[in-house]
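One structure below.
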2 protein chains.
Amino acid sequence: MGAAAGFRSSLTLVRKACATCRECDVRHQALCTAMADEHLHRLEDITSPVLLQPNQALLRQGDPCRKVYSLTSGMLRLFTDLPDGRRQITDFLMPGDYLGLVDDDFHSQSAEAVVASSLCAFPINQMELLMDEFPSLRERLHRMARAALRQAHDSQLMLGRLAPLEKLAGFLLMLDARTNHHPHHGRRLQLAMSRTDIADHLGLTIETVSRCFTRLKAQGLIRLPEAHLVEILHEGRLAEIAGIGLSPEHLRLAAS
Amino acid sequence: MGAAAGFRSSLTLVRKACATCRECDVRHQALCTAMADEHLHRLEDITSPVLLQPNQALLRQGDPCRKVYSLTSGMLRLFTDLPDGRRQITDFLMPGDYLGLVDDDFHSQSAEAVVASSLCAFPINQMELLMDEFPSLRERLHRMARAALRQAHDSQLMLGRLAPLEKLAGFLLMLDARTNHHPHHGRRLQLAMSRTDIADHLGLTIETVSRCFTRLKAQGLIRLPEAHLVEILHEGRLAEIAGIGLSPEHLRLAAS
DNA sequence: CGTAAATTTGATTACCTTCAATCGTCGTGG
DNA sequence: CCACGACGATTGAAGGTAATCAAATTTACG
C-alpha cells in the first residue's frame, strides 16, 4: 500500500516536472541551477523525457555512454554486480541528483528505478558543447561529482568499519537528511527500497537488516508501523549509534 | 630496510621533481597535463613545494581548505577516523594524483605520508582563477574527480561484498596496476604501507590480512621474500579470486 | 480471497575478530 | 659485538557475531 501510494504520487509529479524547465520540481537543486532563466531553454532544447516503472533498468554496466540524466522524481539505485550474483548498491539517487558523473566511454555501473521515476535525458556530446559555452555548467557538474565523492567516502567508512546496527542507524539518518530537504513529512520516513536493496547497500544480508530494525525498535529509537515506513523517535541516540563524525558532514552534503 | 631504501630514493626524486615543472616526473600524469608548455609557468608561479617525512600529517579532517596539492613522489594515505579509534583509509595516493578534489570549506578527511613524499601546493583561490582562465584545467580536475569516484565505487564493492581473500587479491592487483603505470620493476611489488594500513583500507584486522597473505603464499599465487615485497606469480588466478569469474568452487578451493 | 513474494523470526554453522604468544627485524646501549 | 627492548608481522586458541539454512508470518496483488 505504501508502495502503491508512492507510485501514484510519482506519476503526478512526472507531468509537472516535464512541462517546462522553469516550473520543474528540481529547478533549484539539479544541474540546471547552473543556468540562468534566460539560458534555460538551451538545456530544454536538448532534453528528452524518460519514464521508468518500478524495477525497470535504465542502464546496464558495460553499455556505451550516450546520454546523461537528471532525476526529477522517484528513486534510482546505482549498483555493480558480480558474476556470481553478489551485488553492491553504491548509491540511491534522489530527485535533483545527476546520473552520468562517472564514466567516459562505458558505464561501470547499472541503474534501475526503485519506484516509478522520471528523468531528463541529455545527449552527452551536446552536453559537452553546452559545458564549453557555459563554464558555470561544467563547474556545477564538477561540484556535484565532488559531492558524490564525499558521499562515497562516507559509504566506504560505513562498509569498512561500522557494525550492522551502526550501518542501519547511519543509513536511516542519511536517508532522512536527504529526503526531508525536499517536502518533508515530519519525522516519518518512507523507505522506497526493499530490505534486499538496503542489505546490498550496507554489505549485509536481509536477515541481518531485519534483525537490526527489530533491535532499533526494541530500543525505542524508531517505530515501524509498516515495513516501509519508519518513524524516527530519537534522532540523537540514533546519531550516537551511527558513529558520529558523520552527522554534520551528511547534512551539509545533502544540502548541495 | 625496504622502508629505508624507499625513503632514500624518494628524496632523490624530490630534487628532480621540484626543479622545474617542465622536467617534473609527473608532468604528463598530474593535473599539469592540462597546461601546454607555454602556459606551464602560470602554474609554476603559484606553486610551493612541500616535503613530508614518513607518517607526517599533511591535513587533519576538520581543517579549513586553503590549498590543493599534487603528489610528485612518495605515497599518501587518505583516511577518516572515528572517535573510538576506528579508521578507514579511503585511498592511497600515488605520484601524479591530486589532493583536494573533494571538499569545499573543510577537509572531511586526513592525509598523511606513508613514506617520504613531495608535493606541489597551490593556493585554492589562485587555482580557481587559473581554472577560470584555462577551462582545460577545470576539465582536467573534473576528469580526475570522476576517476576518483570510479575508484571509490570499486572500493565500495570490495568492502561490502568481497571476502577477505578476495579483498587482498584485488588490492594487490590494483596496486600493481597503479604502480606499474610508472616505471615498473617486473612483477615485484613494493608494499610501502604497513599491514595496519592495508587492514584499515580493506575493512579487516591485521591478523586477517596476515593470514590471507599466508594463504595466497600457500596456494603459490604470490611469494613474499620480505614482508613489504610481493612477487606476483599467477596474476590470472589472482584476478579470478579477486572477483572476476568467481564461482563457489573457487572460494572453496581458497578456503582449503 | 488465495497465491506468491517479502519480511521477520528461529536454530545452526562458519568465519572473522579478539586475545595471547611467538618470531623476526631494527635500533640502541652496554 | 652482542644483549636488550621496541615494533611489526605472523601464528595459535577461544569466543562472538553475522551468515546460512529453515520456517513462520505478514504483505502485496491478481
Side-chain angles (χ1 to χ4, degrees), chain A residues 1-8 53-55 84-88 114-116 158-168 190-218 222-230, chain B residues 1-8 54-55 84-87 114-115 158-168 190-218 222-230 248 251-256:
Chain A
M1 169 185 162
F7 186 105
R8 212 177 313 278
Q53 293 175 351
N55 297 313
D84 64 4
R86 285 178 290 179
R87 186 177 70 151
Q88 176 66 41
V114 174
V115 297
M158 194 162 77
L159 289 167
R161 284 299 179 222
L162 295 194
L165 198 70
E166 300 172 313
K167 289 180 179 181
L168 186 61
Q190 273 287 341
L191 297 183
M193 71 291 292
S194 68
R195 295 292 187 267
T196 303
D197 282 344
I198 297 175
D200 282 347
H201 181 56
L202 300 181
L204 302 170
T205 61
I206 56 173
E207 293 94 334
T208 299
V209 170
S210 182
R211 280 184 244 272
C212 287
F213 269 116
T214 304
R215 284 169 65 187
L216 289 179
K217 217 166 38 177
I222 64 169
R223 278 190 0 108
L224 210 58
E226 304 169 29
H228 289 266
L229 186 63
V230 177
Chain B
M1 167 188 167
F7 187 105
R8 212 177 310 281
N55 297 313
D84 64 4
R86 285 177 290 180
R87 186 178 71 152
V114 174
V115 296
M158 193 161 79
L159 290 167
R161 283 302 179 219
L162 295 194
L165 198 71
E166 300 173 310
K167 288 181 180 180
L168 186 60
Q190 273 289 340
L191 297 181
M193 71 292 290
S194 68
R195 296 291 188 267
T196 303
D197 281 345
I198 298 176
D200 282 347
H201 181 55
L202 300 181
L204 303 170
T205 61
I206 56 174
E207 293 93 334
T208 300
V209 170
S210 183
R211 282 184 244 271
C212 287
F213 268 116
T214 304
R215 283 168 67 186
L216 289 179
K217 220 166 36 178
I222 64 169
R223 277 186 7 102
L224 210 60
E226 306 168 27
H228 289 266
L229 186 62
V230 177
L251 289 175
R252 222 150 298 283
L253 225 87
S256 60

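Each chain gets a letter, A, B and so on, in the order its sequence line appears, and its residues count up from 1.
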Exercise. Report which part of the nucleic acid B:Leu224 touches: base, sugar-phosphate, or nothing (heavy-atom distance under 4.0 Å, all strands).
Key: sugar-phosphate
Quiz item: What is the distance, rounded to the nearest whole Å, between atom CG of A:Leu191 and atom P of C:dT8?
Solution: 10 Å
Practice problem: Can you check whether any acceptor in the base of D:dT20 is under 3.5 Å from a donor in the side chain of A:Arg211, or vice versa? | Solution: yes
Practice problem: Starting from C1' on C:dT7, measure out to CG on A:Leu204 and report it in whole angstrom. | Solution: 16 Å
Quiz item: Quick one: on DNA chain C, does A:Met193 or B:Thr205 contact a more 5' nucleotide (nearest heavy atom)?
Solution: A:Met193
Quiz item: So, the side chain of A:Arg161 versus the backbone of B:Arg87: is there a donor-acceptor pair under 3.5 Å, distance only?
Solution: yes
Quiz item: Any sub-3.5 Å donor-acceptor pair from A:Lys167's side-chain atoms to A:Leu202's backbone N or O?
Solution: yes
Practice problem: Grab the CZ-P distance between B:Phe213 and D:dA9 for me, whole Å please. | Solution: 10 Å
Quiz item: Can you list the steps and then say if A:Thr208 with A:Phe213 is a side chain to side chain contact (heavy atoms under 4.5 Å, CB included)?
Solution: CA-CA 9 Å; A:Thr208 299; A:Phe213 269 116; over 6 Å; no
Self-check item: Under 3.5 Å donor-acceptor, B:Arg195 side chain and B:Glu207 backbone
Solution: no
Practice problem: Note down the inter-axis angle between the two ends of the helix from C:dC1-D:dG30 to C:dG30-D:dC1, five pairs each, to the nearest 10°. | Solution: 30°
Exercise. Using whole Å, report how far NE2 of B:His228 lies from P of C:dC26.
Key: 10 Å
Quiz prompt | A:Arg86 (side chain) donor-acceptor with B:Gly160 (main chain) under 3.5 angstrom | solution = no
Practice problem: Kindly point out which of C:dT7, D:dA18, C:dA20 is positioned nearest to the side chain of B:Glu207? | Solution: C:dA20
Practice problem: Rounded off to whole Å, could you give me the CD1-to-P distance for the A:Ile206 and C:dA6 pair? | Solution: 9 Å
Self-check item: Rounded distance (Å) that lies between atom C1' of D:dA9 and atom CG of B:Leu168
Solution: 14 Å
Self-check item: Out of C:dT7, D:dA22, D:dT11, whichever nucleotide has its closest atom nearest the side chain of A:Ala227
Solution: C:dT7
Quiz item: Given that B:Ser194 and A:Leu165 both sit by DNA chain D, which one's nearest nucleotide is further toward the 5' end?
Solution: B:Ser194
Quiz item: Rounded to whole angstroms, how far apart are CG on B:Leu229 and P on C:dT25?
Solution: 14 Å
Exercise. Could you check how far CG of A:Asp84 sits from P of D:dT20, rounded to whole Å?
Key: 11 Å
Exercise. Decide yes or no on side chain to side chain contact (heavy atoms under 4.5 Å, CB included) for B:Arg223 and B:Val230, but give the supporting numbers first.
Key: CA-CA 6 Å; B:Arg223 277 186 7 102; B:Val230 177; over 6 Å; no
Quiz item: Reckon A:Thr208 has a side-chain N or O less than 4.0 Å from the OP1 or OP2 of D:dA19?
Solution: yes
Quiz item: Short question: side chain of A:Gln88, backbone of A:Gly203 - any donor-acceptor pair under 3.5 Å?
Solution: no
